[in-house]
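Let me begin by presenting the structure, written as structure tokens, before commenting on it.
Only this structure's heavy atoms are used, side chains among them; waters, hydrogens and symmetry mates stay out.
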Amino acid sequence: MTRVEWGVDELPEQILDKLVDASAAALGLPIEAEWKPGIRSNLQVTLRLANMVAEFLLPDEAEPAPTFEA
């Protein structure tokens, strides 16, 4: 299934929980059970916003912004 067919912001809670558990294990972070609903909610919002950015089409002539340093 592609992201277009099943948006990443529409993942079932079971998959989000597995993603949270795998990420915590990879980073060596202990996660308390009572924290998981809040973490899952934050992840849902983050994925929804990331999906909006990924779906925004830029014209072919778009140029990257210059880098300014102070």
* **L11 side chain near L43 side chain, heavy-atom distance below 4.5 Å** => no
* Please examine the side chains of L49 and V45, heavy atoms only from C-beta on, and report whether any two atoms are closer than 4.5 Å. => yes
Please table the atom pairs, donor to acceptor, closer than 3.5 Å between any side-chain atom in residues 17-32 and protein atoms at least two apart or in another chain.
from	atom 1	to	atom 2	distance (Å)
D17	OD1	R40	NH1	2.7
D17	OD2	R40	NH1	3.1
D21	OD1	K36	NZ	2.6
D21	OD2	K36	NZ	3.4
S23	OG	L19	O	2.8

* Residues, nucleotides or ligands: over 12 heavy atoms within 6.0 Å of E34 CD -> yes
* Consider only side-chain heavy atoms of I, L, V, M, F, W and Y, link residues closer than 4.5 Å, and tell whether L47 and V53 are in one cluster. => no
